[in-house]
Structures are given as structure tokens and as C-alpha cells.
Novice: 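Pasting in a structure now, in C-alpha cells, and then I'll have a few things to ask.
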Amino acid sequence: MDTPKTRVVIAGGGTAGWLAAALLTRQLGKLVDVTLVESEEIGTVGVGEATIPTIRAFHALIGLDERDFVRATGATFKLGIAFENWTRPGSRYIHSFGDVGKSTWMGDFQHFWLAARQDGSASPIDAYCYEAQAAEAGRFAIGGDAQVNYAYHFDAGRYARYLRERCEASGLKRIEGRIARVEQDGESGEIVALELASAERVAGDLFIDCTGFRALLIGETLGIGYEDWSHWLPSNRALAVQTRSTGPALPYTRAIAHQAGWQWRIPLQHRMGNGIVYSADYLSDDAAQALLLGSVEGETLVEPRLIRFATGRRMRAWEKNCVALSLASGFVEPLESTSIHLVMTALTRLVQLFPFGGSTPAISARFNAMARHELEDVRDFIVMHYHLNARDEPFWRACREMQIPDTLKARIALFEEDAHAYQGADELFRVSSWLQVMLGQGVTPARFHAVARLMPPAQLAGALGDLAKGIAGQVRRLPAHQAFVDRYVSAT
Ligand code: FAD
């Protein structure tokens with residue numbers, strides 16, 4: 001090809017930087033020339049170990065072999081998240097990756113389930129979801145007669161290293177060094193080059209800002225502001241610590257609410273990832289650390305690491321010839337493990353809109369509108385977990401009493417009044433997700449669709465009973481998750 005390749009410079013080598021490098025080299029390698037600059041001295045945020053099922057499609061795009069990836073990153077399999085103590089201490093529900101029940105075109109499953117519940121013939125909602133039941137039973141398999149929808153837990157450090165090795169093997173240029181200055185064109189303001197502390201100059205046509213919370217290019221250089229969402233998502237600190245595993249790995253993440261936030265437990269093959277997320281307005285760092293260390297199981301392997309963050313979104317993720325990914329572009333907190341997914345969707349959008357003819361306002365406007373829409377939907381979903389609670393502490397009272405986004409208010413009202421849930425166009429979370437979390441957080445719909453009463457109660461009870469029985473049977477045939485992982489990684 002005669003046209004010169006577009007020079008892409010990726011600033012930052014955390015998960016976002018290496019995912020960008022992997023996709024661009026794999027899919028656009030013939031058209032672009034990719035360089036990645038990172039600083040080992042600065043390091044990465046070091047967290048981000050739970051994912052959602054969309055990661056599997058992205059891994060296919062970058063050509064990862066699943067078994068190789070699971071071995072290299074110490075990964076386990078994830079079927080959902082168990083939310084403990086969220087509505088009140090002692091409460092628990094699973095938001096699984098599965099479909100709940102079977103819907104008809106006239107009415108979703110919950111209408112039929114609510115009718116059966118009124119008749120006293122329904123089991124708890126998760127009895128009708130394969131993934132939720134498999135998670136509860138600690139069972140898992142890939143393949144077999146009924147496919148489960150799954151994601152992974154993995155070691156973030158190993159993941160970035162794994163991606164790096166693969167990218168470097170396919171010819172990507174990596175430069176080690178601290179970016180000291182960003183050079184802009186005097187007229188257009190576009191970024192022209194990164195200047196490193198070593199005085200090396202890295203020139204490019206398109207710059208991808210993966211510098212994490214520093215947002216060195218999009219924020220510090222181009223001055224794009226940040227829309228603060230802390231009035232809806234009040235957590236602003238996390239402490240992360242790793243511990244030795246004390247038992248078989250569960251096939252789900254645990255998200256355990258505490259007096260001013262929540263804690264995560266992410267089981268890997270070789271250790272447990274733990275962390276506490278909290279609002280510094282309601283809990284001091286010392287108290288958070290005591291709470292974290294007092295509740296972890298197993299010997300701690302490292303000192304707890306404090307991470308400060310501000311929930312919100314970059315007003316424009318794409319500005320001039322700079323596209324910001326992940327933490328540099330916004331953060332809605334880790335409760336539903338959405339950040340890495342958002343990097344992946346941003347990257348697929350970038351490939352689809354790739355500015356081979358130079359960045360234009362029309363391209364960046366389209367990218368930014370999609371990114372904003374996507375992030376606001378995710379935000380609403382997460383705000384809902386905080387808002388719908390019946391806990392008694394000041395933090396939780398404030399969450400209950402806060403003014404939530406109108407979009408979320410309308411969604412909750414629709415479910416509360418008439419049991420309707422929906423997935424908007426291009427929205428990540430499906431009806432089953434909204435359903436599991438709204439019911440799990442204690443919303444009881446006042447009515448359900450009359451179509452559910454077209455079926456005689458005995459027939460409805462029979463249909464639901466058969467569905468639950470079928471799922472229970474399928475789950476019994478699955479191996480224990482830990483046994484599956486052991487076999488999977490040691491297979492030749
Ligand atoms: P970083 O990992 O911070 O990487 C930034 C890179 O930029 C580093 O390589 C650094 O060296 C480089 N850099 C910065 N400044 C310079 C400079 N001046 N010169 C050269 N290089 C520089 N996401 C999920 O999907 N699931 C989760 O379970 C999850 N949990 C999380 C928990 C917490 C507490 C937090 C804060 C985030 C979590 N996330 C999670 C988000 C996830 O961690 C990030 O999406 C992911 O790690 C990507 O981060 P990053 O690459 O943008 O930033």
C-alpha cells in the first residue's frame with residue numbers, strides 16, 4: 001500500500017493501553033503504526049480484576065486463546081456478582097449473567113413469576129436462572145449440553161504483561177519512559193508529539209490517552225473538563241489488598257456492603273483480590289483499613305494500597321486528535337465491573353470510526369455522543385444499587401434520600417408500578433440484569449401485566465416448576481468450579 005501508515009501513539013501501559021495496542025495491531029496493523037509509551041516508575045493502578053461476558057468477544061478480536069489466557073493470568077470463571085448486605089445487613093442476592101426465566105413477546109418473565117408468586121406457587125426468582133443457580137452451587141463448565149454465560153476474574157498485573165508480550169511479539173514498539181511534556185501544534189492545538197524525560201520525542205498522528213486518572217493528554221494538555229458524579233456515586237476511595245486463598249475459588253465476585261460503601265472479593269487461581277470502596281466523607285482511611293483487614297480471610301500478601309478517585313465523566317473523550325480511554329475518560333466506580341468493558345467498546349468504536357483522513361469534529365462528536373450515552377446508562381444502573389437500600393447508617397440514608405437522575409427515576413417507577421423493565425438501544429445491561437437488581441434491592445412491583453393471568457394458575461405453576469427443575473438438573477451435571485479450573489489449566 002502506498003499511503004503512509006497512520007502513526008498511533010498510546011500514552012500509558014495499563015490495561016487500557018495494552019488493550020488498545022492489542023486491538024489496533026491485530027485489526028489495523030496493515031494501516032497503522034503503533035507505539036506505546038509507559039513508565040514503570042509510575043506504574044499502573046493495579047486493580048481491575050473482575051469482568052463481564054463481553055470480554056470474550058473482544059478476546060476473539062485480539063486473537064487470544066482462552067486456555068492460554070486463563071493460564072497466563074491466573075484467571076477463574078465468573079457467573080455474576082453476589083450482593084451481600086446491600087438492602088440491609090444479612091440480605092443477599094445474585095446478579096448473574098444469565099437470562100431469568102422465559103419471556104413472551106407480550107410480557108417478560110417477571111409478570112408470570114409475579115402472578116405465580118401471588119398464587120403461592122413461585123420459587124425465588126433466581127431458581128429460574130441457570131447462571132445464578134450454578135453460581136450458588138459453586139459449579140461451572142464451558143460447553144456441555146447447556147452453555148453458561150460467563151466472564152473472568154484475572155490478575156491485572158499479569159493481564160497487562162500478557163498483552164504486552166503478545167503485542168511486542170507482533171512488532172509493536174514500546175518505549176519505556178516518563179512523559180514530561182506534550183507538544184501541540186501552535187495553530188490547531190492538535191498534539192504533535194510526546195516529549196519524554198529522557199528528551200526522546202515520540203511523534204504521531206493520533207494519540208490515545210491511557211494515562212489513568214492523570215489524564216495527561218485529554219485533561220492536563222487539552223483542558224477537557226470532568227463532569228463530577230459524586231452526588232450520585234459518593235464513593236471516592238478504595239484500598240486494595242491481596243490475600244492467600246483459603247478455599248476453593250467461587251465462580252462469582254462478592255460485593256459486600258459496609259457502613260459507608262462496600263468490599264470486593266475476587267477469587268483467582270493463586271490468590272484472592274480484596275478491596276474496600278468507601279466515601280472519605282463518612283469513613284476515615286484508617287477506619288477503612290481496619291475494616292478491610294479485619295474482614296479478609298487468609299494471610300495478606302501485600303500492604304493495602306490506597307486509591308483516590310472521583311466518579312464522573314470526561315466532558316469529551318475524543319478531542320482534536322486525542323482519544324481518552326478508561327480512567328482518563330471517566331470512572332463510574334467498580335461495583336459492576338464495567339470499566340474494562342467500556343475500554344473495549346470504546347476501542348471497537350474507535351476502529352469503526354478510525355480517522356484515517358484526520359480527526360474531524362463530526363467523527364469526534366459521534367464518538368463522544370455514543371460514549372456519553374453508554375456511560376450514563378451504566379451510571380444509572382450503578383446508582384440504583386446505592387439508592388435502593390433500607391440500611392440505617394448516615395451514608396446509606398444519604399444515598400436513599402439523594403436526587404437520582406431522571407432517567408433512573410423513570411425506570412424505577414416503571415418497575416415499581418407495573419413490573420416493566422427494559423434494555424435501551426445500545427445499552428449494556430439487559431432486562432434480566434435490571435430485574436435481578438431491582439428485585440434484589442427490594443423493589444416490589446405493585447401490579448403485573450394481565451397477560452400473565454391468561455394462563456390458569458395450575459398451568460402457570462406447572463410451567464414454572466418444570467423450568468426450575470430443568471435448571472436444577474442441568475446444574476447438578478456441572479463439575480465444581482475449582483475442579484473445572486484445575487482440570488482446565490492442567491490439560492495438555
Ligand atoms: P492505569 O492502570 O493507571 O495505567 C496508566 C498508565 O499510564 C500506566 O502505565 C502509567 O505508567 C502510565 N503513565 C501515567 N503517567 C505517565 C507519564 N507521565 N509518563 C509515562 N507513562 C505514564 N475495572 C473493571 O473492569 N473491573 C474491576 O473489577 C475494576 N475494579 C477497579 C477497582 C478500583 C478501586 C478502581 C480504581 C478501578 C477498577 N477498575 C475495574 C477499573 C480498571 O482498573 C481500569 O479500567 C483499568 O485498570 C485500566 O486502567 P488504565 O489503563 O486506564 O490506567
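Order of listing sets the numbers, starting from 1, for every ligand and every atom in it.
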Novice: My understanding is that we take every heavy atom of each candidate and find the minimum distance to atom 13 (N) of ligand 1. Doing that for Ile10, Thr15, Thr211, which one comes out nearest?
Specialist: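 Comparing heavy atoms across Ile10, Thr15, Thr211, the nearest one to atom 13 (N) of ligand 1 lies in Thr211.
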Novice: Classify the side-chain pair Ser364/Lys320 by whether it contains a donor and acceptor separated by less than 3.5 Å.
Specialist: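 Their side chains do not contain a donor-acceptor pair, so the 3.5 Å distance test is not met.
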Novice: Just to confirm my output: which protein heavy-atom neighbour is closest to atom 48 (C) of ligand 1, and how far is it?
Specialist: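 Going atom by atom, the protein heavy atom closest to atom 48 (C) of ligand 1 ends up being Ser326 OG, 3.3 Å.
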Novice: One residue to check: Cys210. Relative to ligand 1, which of side chain, backbone, both or neither has a non-hydrogen atom less than 4.0 Å away?
Specialist: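 Only the backbone of Cys210 comes within reach of ligand 1.
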Novice: Output the distance between atom CD (Glu299) and atom CG (Leu301), rounded to the nearest 0.5 Å.
Specialist: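 Rounded to the nearest 0.5 Å, the CD-CG separation comes out at 6.0 Å.
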Novice: Check this for me, if you would: do Glu195 and Arg201 make a salt bridge, where the nitrogen-to-carboxylate-oxygen distance has to be below 4.0 angstrom?
Specialist: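 No, Glu195 and Arg201 are not salt-bridged.
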Novice: To the nearest 0.5 Å, how far apart are CG in Leu172 and CG in Leu36?
Specialist: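 Reported value, rounded in 0.5 Å steps: 6.0 Å.
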Novice: For the residue pair Gln441 / Tyr93, report whether a side-chain donor-acceptor contact shorter than 3.5 Å exists.
Specialist: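 Side-chain D/A pair, Tyr93 to Gln441: present.
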Novice: Give the C-alpha distance, both sets of side-chain angles, the deciding distance and a yes or no for side-chain contact (heavy atoms from CB on, under 4.5 Å) between Phe83 and Ile81.
Specialist: CA-CA 6 Å; Phe83 288 91; Ile81 304 174; 3.6 Å; yes
Novice: Hey, looking at atom 27 (C) of ligand 1, which of Gly212, Gly48, Ala240 has the closest heavy atom?
Specialist: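 That would be Gly48.
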Novice: Out of the candidates Phe429, Phe381, Tyr422, only one should pair with Trp434 under the ring-ring contact (aromatic ring centres under 6.0 Å, His included) rule; please name it.
Specialist: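 For Trp434, the ring-ring contact (aromatic ring centres under 6.0 Å, His included) check succeeds only for Phe381.
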Novice: Considering only non-hydrogen protein atoms, determine which one is nearest to atom 23 (N) of ligand 1 and report residue, atom name and distance to 0.1 Å.
Specialist: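 It is Ser339 CB, 3.3 Å.
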Novice: List every atom of ligand 1 that sits less than 4.0 Å from any heavy atom of Ala50, numbering the atoms from 1 in the order shown and giving each element.
Specialist: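 Counting from 1, the qualifying ligand atoms are 24 (C), 25 (O), 26 (N), 27 (C), 28 (O).
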Novice: Check each of Phe97, Tyr252, Tyr130, Phe140 against Tyr150 using the ring-ring contact (aromatic ring centres under 6.0 Å, His included) test, and report the only one that passes.
Specialist: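 Considering Phe97, Tyr252, Tyr130, Phe140, a ring-ring contact (aromatic ring centres under 6.0 Å, His included) with Tyr150 is found only for Phe140.
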Novice: If we ignore angles and hydrogens, is there a donor and acceptor under 3.5 Å between the side chains of Thr87 and Asn389?
Specialist: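 The answer is no; no qualifying pair exists.
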Novice: Return yes when Trp18 approaches ligand 1 closer than 4.0 angstrom through a heavy atom, no otherwise.
Specialist: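 Heavy atoms of Trp18 never come under 4.0 Å of ligand 1.
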Novice: Residue-level breakdown please: for Glu49 versus ligand 1, do any non-hydrogen atoms fall below 4.0 Å on the side chain, on the backbone, on both, or on neither?
Specialist: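 For Glu49, only backbone atoms sit under 4.0 Å from ligand 1.
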Novice: Looking only at non-hydrogen atoms, which of Thr253, Leu239, Leu19, Val45 approaches atom 2 (O) of ligand 1 most closely?
Specialist: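 Among Thr253, Leu239, Leu19, Val45, the closest heavy atom to atom 2 (O) of ligand 1 belongs to Val45.
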Novice: Which atoms of ligand 1 are found less than 4.0 Å from any heavy atom of Arg214?
Specialist: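 Every atom of ligand 1 under 4.0 Å from some heavy atom of Arg214: 14 (C), 15 (N).
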Novice: Taking only heavy atoms of Trp264 into account, list the atoms of ligand 1 that are under 4.0 Å away from them.
Specialist: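 With Trp264 as reference, the close atoms of ligand 1 come out as 34 (C).
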Novice: Are any side-chain N or O atoms of Asn368 and backbone N or O atoms of Arg316, one a donor and one an acceptor, separated by less than 3.5 Å?
Specialist: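 No, the answer is negative, given that no donor and acceptor are paired below the 3.5 Å cut-off.
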Novice: What protein heavy atom sits nearest atom 36 (C) of ligand 1, and how far away is it?
Specialist: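 Checking every protein heavy atom, the shortest distance to atom 36 (C) of ligand 1 gives Phe331 CZ, 3.7 Å.
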Novice: Tell me, which protein residue and heavy-atom name are nearest atom 34 (C) of ligand 1, and how many Å apart are they?
Specialist: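 Heavy-atom neighbour on the protein nearest atom 34 (C) of ligand 1: Ala238 CB, 3.4 Å.
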Novice: Could you point out which residue of Val32, Ile62, Val34 forms a side chain to side chain contact (heavy atoms under 4.5 Å, CB included) with Thr25?
Specialist: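 Of Val32, Ile62, Val34, side chain to side chain contact (heavy atoms under 4.5 Å, CB included) with Thr25 is met by Val34 alone.
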Novice: Tell me which protein heavy atom sits closest to atom 31 (C) of ligand 1, plus the residue, atom name and distance to 0.1 Å.
Specialist: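 Its nearest protein heavy-atom neighbour is Pro334 CB, 3.4 Å.
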Novice: I need the atoms of ligand 1 closer than 4.0 Å to a non-hydrogen atom of Gly177, numbered in the order shown.
Specialist: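 Near Gly177, the atoms of ligand 1 are 19 (N), 20 (C).
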Novice: How far is atom 19 (N) of ligand 1 from its nearest protein heavy atom, and which residue and atom is that?
Specialist: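 Ranking protein heavy atoms by distance from atom 19 (N) of ligand 1, first comes Ile179 N, 2.8 Å.
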Novice: With a cutoff of 4.0 Å, is Ala156 in contact with ligand 1, counting heavy atoms of the residue only?
Specialist: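 No, Ala156 has no heavy atom closer than 4.0 Å to ligand 1.
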Novice: Specify the protein heavy atom at minimum distance from atom 21 (N) of ligand 1: its residue, its atom name, and the distance to 0.1 Å.
Specialist: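 Answer for atom 21 (N) of ligand 1: Ser39 N, 3.5 Å.
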Novice: Ignoring hydrogens and geometry beyond distance, is a side-chain donor-acceptor pair present between Trp262 and Tyr386 at under 3.5 Å?
Specialist: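 Judged by distance alone, the side chains do pair up.
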Novice: What do we get for Leu216 next to ligand 1 when only non-hydrogen atoms under 4.0 Å count, side chain, backbone, both or neither?
Specialist: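 For Leu216, only side-chain atoms sit under 4.0 Å from ligand 1.
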Novice: Please identify which of these residues, Lys173, Arg174, Arg178, meets the salt bridge (Lys or Arg N to Asp or Glu O under 4.0 Å) condition with Glu176.
Specialist: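 Answer to the salt bridge (Lys or Arg N to Asp or Glu O under 4.0 Å) test with Glu176 among Lys173, Arg174, Arg178: Arg174.
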Novice: So, 4.0 Å and heavy atoms of Gly46: is ligand 1 close enough to count as a contact?
Specialist: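 Contact absent.
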Novice: For ligand 1, is Gly43 a contact, meaning one of its heavy atoms is under 4.0 Å away?
Specialist: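 Distance cut 4.0 Å: Gly43 passes for ligand 1.
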Novice: What protein heavy atom sits nearest atom 51 (O) of ligand 1, and how far away is it?
Specialist: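 Nearest neighbour among protein heavy atoms for atom 51 (O) of ligand 1, to 0.1 Å: Ala16 N, 3.1 Å.
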Novice: Using heavy-atom distances only, which candidate in Ala160, Gly17, Gly14, Ala328 approaches atom 4 (O) of ligand 1 most closely?
Specialist: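 Nearest heavy atom to atom 4 (O) of ligand 1 lies in Gly14.
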Novice: Identify which of Thr51, Asp209, Ile42, Val47 has a heavy atom lying nearest to atom 17 (C) of ligand 1.
Specialist: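 Looking at heavy atoms only, Ile42 sits closest to atom 17 (C) of ligand 1.
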Novice: For the pair Arg379 and Glu427, find out whether any cationic side-chain nitrogen is under 4.0 Å from an anionic carboxylate oxygen.
Specialist: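 No, Arg379 and Glu427 are not salt-bridged.
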